[in-house]
Amino acid sequence: MRIDLEPRAARSPTLEVLAPVAALILAMLIGGVVIAALGRSPVEAFKVYFIAPVSDLWSLQKLAVKASPLVLIAVGLSFCYRAKLWNIGAEGQYIAGALLGGWLAIATHDGAYQGLLGVWWILPAMLALGGLGGLLYAMIPALLRVSLGVSEILTSLMLVYVAQFGLDYMVRGPWRDPHGYNFPQTVSFDDPATLPLLVPGAGLHAGVLVSLAAVLIAAVVFSRTLFGYEVRLVGSAPKAARFAGFSDRRLTILVFAISGALAGLAGLAEVSGQIGKLQPEISPPPGYGFTAIIVAFLGRLNPVGILIAGVVLAMTYLGGETAQIALKLPVDMTRAFQGILLMSVLAADVFTRYRLRLSFARRA
Amino acid sequence: MSDIDLGGVPLVSLRGIVKRFGDFTANDHIDLDIRNGEVHALLGENGAGKSTLVKILYGLLEPSEGRIVFAGDDVVLKSPEQARALGIGMVFQHFSLFENLTVAENIALVLPKTDKLTALPNRIAEIAARYGMALEADRPVWTLSAGERQRIEIARCLLQDPKLLILDEPTSVLTPQEAEALFATLDRLKAEGRALLYISHRLEEVKRLCDCATILRHGKVVATCDPKVESARSLAALMVGSQVKEVKPAGAHALGPERLIVQNLSVPSPDLHGTALRNICLAVHGGEVVGIAGVAGNGQSELFAALSGEVVAAEPDAIRINGAAAGIESITGRRERQAVFVPEERNGHAAAPDFTLSENVVLSRHATGRLTRGGFIVPAAAKALAGKIIAAFDVRKAGADPLARTLSGGNLQKFVVGREVLAEPNVLVVNQPTWGVDAAAAAAIRQAIIDLSARGAAVAVISQDLDELFEISDRIAVMHAGELSECRPAHTVTREEIGLLMTGGERAAGSAHAH
């Protein structure tokens, strides 16, 4: 028997919408088998993972808070991925943003340096620094790629670990709270350095609005602007992009800047709006920056699709937490499920472009 | 090798081979006989159908009609494995080698799974000695020159003991010394009674090596002859055709100033298979069409890239557009000087196949077509311009604004040419304007080019189709090995002279007129 993948003559819009749905169902089935093998009920697990998070208002707020960084990072990544540039180091850019923006919160702690200006400027400046931190950190792989041709896949991934250890060092060393009983964490951010809550309760903070704004802006940029056209063209037909007069170096720098800035902003929003301080772990495993890669692809690199996909992946985080308590499932189940989902999405993607053909032909 | 005594029957006979791609007939009832111990040349211009024919013979393409007779038996070749099993080997123009593997590893990759690898270095050494090919089994491929890489490809074939070896433009990437070494190897193969099918357009090589030549033009066999008897001139005439269409439709118009001037333009080769441009000089007046002839791969794409600004020159003065030094300007900068460009490849270069027609308008007109406002694309303006092009050039399409990939070759080419011509440029540079396009579309495109020049634009047409160049050009120059010959008035130069220049033969005799 022979297995061939035949290219499809035309793209089918229906298939492109159905593919992520099929991938999600497939991942649920495989996940169900794994859960059954662990001796738990897949039906119960399904309820915990996908029903409980949307069953009441409190859970919905939690869901929005979890989805927010995923969506924000994934929107940024979609700029890179549409241009066929593989930034997989968003986790590092997320941490870099949290570090640079968080620095201001620590520096202005207890009224230091506030002087005549008051406190109104602290939060906007933290947001700007958060974006800047991620942007600068993303410039390392971008510049290495355009100047020396170094694979951005390797450098961006490796830099994640550098950022993680950098954060670890800062919160255990120079930035450790002197009154924190030697816990590896900074001082708690003051109110002027904390993103306000939209509604009191489950912690729905203003960072969610930033993510929604990013979705809207990205949708407009991709569909209406010359820059969005440039990004799509470079990814779709690189020679035609050169003919159009678009510089791929300039574009590489720009999409990494956007994607780094949004990841950095997400990191800052998380520490300022959710955690309230810096600590060694500011991104639940396997890391928002990595899960956002799945979000970007599940959402077909489309801002609105990413919004939906972000909510789906946020469910796996929340469900995973509940499943640990309710079903005694290991936390690794969440990671495994996210991995299974990514593989299913990529596989489904192949079948939107190719048709599977099994031939049992006799060979001469 | 297992010799087959065929008693004068050819080893391979192709009978009535036809290959169609859609409306386009690449091979039209081709008959070809190759005998043992014969070096058979397959000659023709690019696009004449040589590659298609050998791909059929090597099992890469299935013929639409016709028979392949191998050693007296009808065969159907469904795959290269089947062709290799029969004893047909092929050395491609572009190598398929793994850079990081050694010579022996690269060779082992194509051998049957049952072969023992331990004996391989010995077998390679044996082949190398027998055919005079220096090959070191342990060297990694990335350290090797083009000639050495080619020897690996040849050794790969020889290990399978082929009866027929197909070589596609084998000297195109070799230095003259490497080519001589190759010829020595080929002579030994021939002496062993193997048949060789040698594809080339270098006539001197063919005269030196080959016993028989089949010449293709427009997919048909135009002659079978003995190249040792024919002159290079007569072979060139057969290749490029001698029927002259006297069409000069542009009405009388005065020549304008020199709008496109190229002075001593030199550009290094972009890669191994590329061609360096050497001291290109060219001046095109407004109101004039200059044709640039040449066999593919002699630097035409590189010249197009340099003229368009996709690759910028070192000196601003190397290229002047409308009097201004534009050598170091980007393609967008040159477009803003009223120059437009049409590259050879429609799908993926001139147009993005997965973008709609109105999106493809933005591709080359975003800076000059009033299609954007403050960084935003104005879709209505793009659609209006696309509609104008579609109407003016009679582009046939399905749907209101279809993807570029859904258009036929001729219609997409009309769209692409129309997009540039409707910009009413002062300078047009076009590469292969009618490549693979049906006759009606080709005529429309040529007419548009002539009319544009009659309105005062300077036009440079790069083409391998001599009929086309004689039809539309006022003057013709020839590219060979990265150099551009002098421009000659199209009505005084002969096809034979052009053909000879194209094949790198003797510099055509006669007084050369500058403009």
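Chain letters run A, B, ... following the sequence lines, proteins first, then strands; residues in each count from 1.
For A/V221, no part lies near chain B; criterion is any non-hydrogen pair under 4.5 Å. With a 4.5 Å cut-off on non-hydrogen atoms, B/H366 touches chain A through its side chain but not through its backbone. In this structure, the portion of B/N360 lying under 4.5 Å from any heavy atom of chain A is its backbone and not its side chain. Using a 4.5 Å cut-off between heavy atoms, B/A351 contacts chain A through its backbone alone, with no side-chain atom that close. At a 4.5 Å heavy-atom cutoff, the contact between B/T372 and chain A is made by side-chain atoms alone. Contacts of B/R335 with chain A are made by side-chain atoms alone, with heavy-atom separations under 4.5 Å and no backbone atom involved. Contact of B/E345 with chain A is made through the side chain alone, with heavy-atom distances under 4.5 Å.
Heavy-atom pairs under 4.5 Å with chain A were tallied for B/R373, B/K78, B/R365, B/E359; the largest tally goes to B/E359. Chain A forms the most heavy-atom pairs under 4.5 Å with one residue out of B/A85, B/A350, B/S364, B/P343, and that residue is B/P343. For the set B/I377, B/T406, B/V378, the count of heavy-atom pairs under 4.5 angstrom toward chain A peaks at B/I377. When the candidates B/F376, B/F341, B/F355 are compared by the number of heavy-atom contacts under 4.5 Å with chain A, B/F355 comes out ahead. For the set A/R242, A/R232, A/E230, the entry with the most heavy-atom pairs within less than 4.5 Å of chain B is A/R232.
Nearest approach of A/K239 to B/G348, heavy atoms of both residues: CB-O, 3.3 Å. Of all heavy-atom pairs between B/T332 and A/G245, the closest is OG1-CA, 3.6 Å. When all heavy atoms of B/I331 and A/F243 are compared, the pair lying nearest together is CD1-O, 3.2 Å. Across every non-hydrogen atom of B/L363 and A/A240, the tightest pair is CD1-O, 3.8 Å.
Within 6.0 Å of CE in A/M139 there are more than 12 heavy atoms belonging to other residues, nucleotides or ligands. Around CZ of B/R337, the count of heavy atoms belonging to other residues, nucleotides or ligands within 6.0 Å exceeds 12.
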